[in-house]
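To keep things clear, I will list the structure first and then write my remarks on it.
The figures that follow rest on heavy atoms only: side chains count, while hydrogens, waters and symmetry mates do not. The first residue in the sequence is number 1, and the count goes up from there. Bear in mind that the values here come from a model prediction, so they are computed numbers and not experimental data.
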Amino acid sequence: PQKLLALLTEQRTVARLEFKASTFEKSVKVTDADIKAWYEANQTKLEVPENLNVQYVILNEAAASRDIKITDADISNYYKKNQALYGQPERRRVRHILIEVPATADEATKGQARAKAEDLSKRASADPKSFAALAKEFSQDPGSAEQGGDLGWISKNMLVPQVEEAVFQLGKGVVSGVVESPFGMHVILIDDIQSATPKPLADVKEDIISEISKQIAAERFATMASKLTKLIYDQRDSLKPIADELGITLHDVSGLARDGLLRSEQRDPAAPALTDLDRTVLGNPKVRMTAFSSEVLKDKFNSGAIELSPDTIVALRVTKVNPASVPPLAQVSTYIRQILIGEAATSAAREAGLKKLETLKAASKPDLKGFDAEQVVTRQNPQSLTPKELEAVMSQKDQNLPVFLGVNGEAGYSILELTKVQAAPSIDPGQVAQLRGQLSQAWGAAEEQAALKVLRSQFKVKLLPDAARLIKGDLDEAKL
């Protein structure tokens with residue numbers, strides 16, 4: 001681990017000059033003939049997979065909340081029944097004197113503490129005005145003793161149960177007897193009492209409307225869900241009567257393929273634009289698997305109720321199957337033009353970068369105009385370098401520095417000037433232990449993947465795209 005950690009933390013100083021393809025795009029000329037030639041040579045790349053036109057209905061909180069009407073009488077009745085939820089609870093201004101008793105104290109020690117507290121209770125009861133002075137002199141609560149035992153305004157659920165019970169039984173100006181708690185022996189005085197004060201209805205009206213709406217929507221959802229499930233099977237070949245009966249929207253969407261909705265360049269330009277709801281519903285693996293099931297795909301029957309979450313149910317129907325096809329040239333010409341411009345601009349950037357690299361290598365005093373500021377990188381911290389750039393820098397021998405390196409990137413070309421290589425700082429034993437643990441975990445994960453690969457091969461397991469993405473962590477399991 002020490003040698004590996006030394007390699008991971010080795011520092012290299014590098015500056016970078018980028019040749020971005022985007023800066024060369026304006027100089028690229030693409031003709032209609034170029035587009036046509038690419039179109040004819042890349043039919044397989046352009047092929048649109050088999051896809052479906054579907055209709056779907058969705059029952060969710062929004063659908064169940066539609067047209068809910070709440071009257072002033074509803075609001076008033078709810079307010080009267082739930083005033084405790086909309087106001088300030090009763091509060092009491094409390095003082096106390098604490099005589100501490102350790103948790104491990106024997107009975108004799110507890111008896112001594114109780115006797116002292118009883119004496120203080122008698123003295124305070126005889127003259128309640130002296131309570132603050134007694135607390136300041138005798139209380140062993142460091143947080144309140146200096147304030148004459150003042151605990152401030154106390155509501156319920158703020159104190160230990162034994163003390164709270166006594167606090168809310170005492171009257172104003174009354175001194176308690178001895179109250180025992182896990183902390184010791186208490187003597188309590190109630191300085192003042194504020195009764196519970198409900199907020200005015202006008203201040204909480206919107207909250208009440210929201211709460212009543214939620215309750216009505218939950219009841220409606222349960223009723224509508226039962227009705228939806230029944231109607232789906234009563235009316236197998238159409239969703240429109242179901243949508244009309246429940247008062248929910250019937251959505252029409254085209255371009256649903258097995259692995260998701262078609263990309264924009266694959267879609268029919270005349271098709272309605274996709275909404276966020278379309279993407280959410282039809283992007284769900286459960287929904288796609290249902291759409292391509294035999295009963296729904298071939299027989300064109302309504303699907304069953306598909307529960308996406310406890311408060312979201314979908315039903316769908318396939319209205320048309322579109323076989324795999326290559327779009328007409330006019331539909332994809334803009335898409336092809338962008339591809340050709342990108343390819344030509346990237347080629348031009350690389351050509352300019354290679355030419356500059358040759359100039360820098362040949363010069364006795366290289367012109368470093370345009371290079372970024374130097375940055376120190378390690379294998380653990382690449383700063384702004386791409387993985388390819390970091391690999392080029394870290395694999396270069398630390399001899400004959402400075403040295404210039406050229407790197408082909410996905411969107412251009414970069415030249416890196418490596419000027420310094422420094423050994424890793426002194427290695428902390430804690431870092432070695434941490435790395436050893438990480439290596440152990442990585443080895444265990446590699447063994448697990450190897451075993452899974454053998455099992456999949458042995459039992460001829462086929463991994464569907466959504467399942468593969470879920471395993472990699474690219475798919476939200478909650479959406480399954």
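The CG atom of Leu17 sits 9.5 Å away from atom CG of Asp367, with the distance rounded to the nearest 0.5 Å. Here CZ of Arg456 is found 10.0 Å from NZ of Lys453. Values are rounded to the nearest 0.5 Å. Taking CZ from Arg317 and CD from Gln55, the interatomic distance works out to 6.0 Å, rounded to the nearest 0.5 Å. For the atom pair OG1 (Thr280) and CG (Leu277), the distance works out to 6.5 Å, reported to the nearest 0.5 Å. Expressed to the nearest 0.5 Å, how far OG1 of Thr275 lies from NE2 of His251 amounts to 7.0 Å. Expressed to the nearest 0.5 Å, how far NZ of Lys361 lies from CZ of Phe404 amounts to 10.0 Å.
Counting heavy atoms from C-beta on, the side chains of Phe371 and Ile415 come closer than 4.5 Å. Ser213 has its side chain within reach of Ile70: a pair of non-hydrogen atoms, C-beta onward, lies under 4.5 Å apart. Between Val403 and Leu418 there is a side-chain heavy-atom pair separated by less than 4.5 Å. Residues Ile208 and Lys205 have side chains not in contact (no heavy-atom distance under 4.5 Å, counting atoms from C-beta outward). Considering only heavy atoms from C-beta on, Asp311 stays 4.5 Å or farther from Asn60 through its side chain. For the pair Ile336/Leu46, a side-chain contact is recorded, criterion being any heavy-atom separation below 4.5 Å from C-beta on. For the pair Leu316 and Ile306, the minimum side-chain heavy-atom distance is below 4.5 Å. Contact check for Val321 versus Val318: side-chain heavy atoms found under the 4.5 Å cut-off.
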(Q) side-chain contact (heavy atoms from CB on, under 4.5 Å), that's the test. Do Glu389 and Leu416 meet it? Break it down for me. (A) CA-CA 8 Å; Glu389 290 169 345; Leu416 304 165; 3.9 Å; yes
(Q) I'd like to know whether Leu52 forms a side-chain contact (heavy atoms from CB on, under 4.5 Å) with Phe292, so could you lay out the CA-CA distance, the side-chain angles of the two residues, the decisive distance to 0.1 Å, and finally the verdict. (A) CA-CA 9 Å; Leu52 312 176; Phe292 282 91; 3.6 Å; yes
Q: Report the C-alpha separation of Val48 and Leu262 in whole Å, then their side-chain angles, then the decisive distance to 0.1 Å, and conclude whether the side-chain contact (heavy atoms from CB on, under 4.5 Å) test is met.
A: CA-CA 8 Å; Val48 176; Leu262 297 179; 3.6 Å; yes
Q.
Working note: Gln215 + Ile212, criterion side-chain contact (heavy atoms from CB on, under 4.5 Å); need CA distance, chi angles, decisive distance, verdict.
A. CA-CA 5 Å; Gln215 292 180 11; Ile212 295 174; 5.5 Å; no
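Ion pair Asp32/Arg337 flagged as a salt bridge, since at least one NZ, NE, NH1 or NH2 atom sits closer than 4.0 Å to an Asp/Glu carboxylate oxygen. Between Arg12 and Glu10 there is a salt bridge, since at least one side-chain N of the basic residue sits less than 4.0 Å from a carboxylate O of the acidic one.
A distance-only check finds a donor-acceptor pair linking the side chain of Gln43 to the backbone of Tyr39 [under 3.5 Å]. Arg16 contributes no side-chain N or O that, together with a main-chain N or O of Ser414, makes up a donor-acceptor pair within less than 3.5 Å. Panel note: side chain Glu164, backbone Asn157; a donor-acceptor pair is recorded below 3.5 Å. Proximity of a side-chain donor or acceptor of Ser76 to a complementary backbone N or O of Ala73 within less than 3.5 Å is not detected. Side chain of Asn82 to backbone of Tyr78: a donor-acceptor contact under 3.5 angstrom is found. Using a distance-only test at 3.5 Å, with no hydrogens or angles considered, a donor-acceptor pair links the side chain of Lys300 to the main chain of Leu297. A donor-acceptor pair under 3.5 Å is absent between the side-chain atoms of Ser65 and the main chain of Ala62, judged by distance alone. Without hydrogens or angle criteria, Asn302 side chain to Ser238 main chain gives a donor-acceptor distance under 3.5 Å. Using modelled atom types, one side-chain atom of Lys286 and one backbone atom of Glu307 make a donor-acceptor pair closer than 3.5 Å. Between the side chain of Thr312 and the main chain of Leu308, no donor-acceptor pair closer than 3.5 Å is present.
Identified under the salt bridge (Lys or Arg N to Asp or Glu O under 4.0 Å) test for residues 224-241, with sequence neighbours left out: Lys230-Asp234, Arg236-Glu295, Lys240-Asp244. Counting only residues at least two apart or in different chains, salt bridge (Lys or Arg N to Asp or Glu O under 4.0 Å) contacts with residues 400-422 are absent. Within the structure, salt bridge (Lys or Arg N to Asp or Glu O under 4.0 Å) pairs that include any residue of residues 265-281 comprise Arg263-Glu265, Asp276-Arg279 (at least two apart or interchain).
In terms of the ring pair (Phe, Tyr, Trp, His ring centres under 6.0 Å) criterion, Phe19 has no residue partners (sequence neighbours excluded). With sequence neighbours excluded, the residues satisfying side chain to side chain contact (heavy atoms under 4.5 Å, CB included) with Thr378 are Gln11, Gln380, Asn381.
By the neighbour-count criterion of 12 heavy atoms within 6.0 Å, atom CD of Glu61 is sparsely surrounded, having that number or fewer from other residues, nucleotides or ligands. In this structure, Gln422 places its CD atom where more than 12 heavy-atom neighbours from other residues, nucleotides or ligands lie under 6.0 Å away.
The heavy-atom pair separating Met224 from Ala64 by the smallest distance is SD-CA, 4.1 Å. Here the shortest heavy-atom pairing between Gly247 and Arg66 reads O-NH1, 2.9 Å. The shortest heavy-atom contact between Trp38 and Asn42 is O-ND2, 2.8 Å. Annotation for Leu59 and Phe221: closest pair O-CE1, 3.5 Å, computed over non-hydrogen atoms. In plain terms, the two heavy atoms of Lys320 and Asn322 that are nearest each other are CE-OD1, 3.2 Å. The two atoms that bring Ile242 and Gln235 nearest to each other are CD1-O, 4.2 Å, heavy atoms only.
Ser210 and Asp207 share no side-chain donor-acceptor pair at under 3.5 Å. Side-chain contact, Glu90 with Ser195: no donor N or O sits under 3.5 Å from an acceptor N or O.
Here the rule is side-chain contact (heavy atoms from CB on, under 4.5 Å) with Val54, and of Leu282, Thr319, Val296 only Leu282 fits it.
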Please set out all donor-acceptor pairs under 3.5 angstrom arising from side-chain atoms of residues 338-358, sequence neighbours excluded.
from: Thr346; atom 1: OG1; to: Gly342; atom 2: O; distance (Å): 2.8
from: Arg350; atom 1: NE; to: Asn408; atom 2: OD1; distance (Å): 3.4
from: Arg350; atom 1: NH2; to: Gly409; atom 2: O; distance (Å): 2.6

